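Below you'll find the structure, written out as structure tokens, and then a few comments.
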Amino acid sequence: MSGNCSATNAAATAFLPTDSTVLTPAVGPGTGSRIDLFCIPFKNYENGDASSQSQPTLVAGTPGTPGVAPPVPAGSYKYAQVTVGTGVT
């Protein structure tokens with residue numbers, strides 16, 4: 001089944017396909033942890049984007065003790081974050 005869902009912030013609305021997109025974090029670091037972010041870019045025809053349909057993205061953080069979250073990409077909304085522990089697959 002396919003279709004669309006949407007997410008809205010104060011500045012824009014993102015239309016997301018409801019296909020079976022799976023985002024999988026990379027294997028955990030050899031030591032310490034890493035904080036990864038699940039983000040939704042806000043696309044908009046009025047801003048020159050080719051489409052208003054967004055694809056969720058996964059942005060990997062920096063390994064460490066503790067791990068460091070990456071910055072949220074410009075024009076995106078942080079939907080969730082996950083801490084990836086040592087060697088987690």
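Computed over heavy atoms, backbone and side chain alike; hydrogens, waters and symmetry mates excluded. Please read all numbers here as calculations on a predicted model, not as lab measurements.
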Under the side-chain contact (heavy atoms from CB on, under 4.5 Å) test, which residues partner [X], sequence neighbours left out?
| X | value |
| --- | --- |
| Thr62 | Val68 |
| Pro73 | Cys39, Val59, Ser76 |
| Tyr79 | Ile40, Tyr77 |
| Ala26 | Arg34 |

Under a single-linkage definition using a 4.5 Å side-chain heavy-atom cutoff for Ile, Leu, Val, Met, Phe, Trp and Tyr, are Val72 and Leu58 assigned to the same hydrophobic cluster? no
In this structure, would Leu23 and Val82 fall into the same cluster of hydrophobic residues linked by side-chain contacts under 4.5 Å? yes
Any donor-acceptor N/O pair, Ser33 side chain to Gly67 backbone, under 3.5 Å: yes
Does the side chain of Thr65 come within less than 4.5 Å of Thr31's, by heavy atoms? no
Which atoms form the tightest heavy-atom contact between Val84 and Pro25, and what is the distance? CG2-CB, 4.0 Å
Please report the closest heavy-atom contact between Gly85 and Pro29, naming both atoms and the distance. O-CD, 3.8 Å
Would you mind listing every side-chain hydrogen bond (donor to acceptor under 3.5 Å, both in side chains) that reaches into residues 80-89, with sequence neighbours excluded? Lys78-Gln81
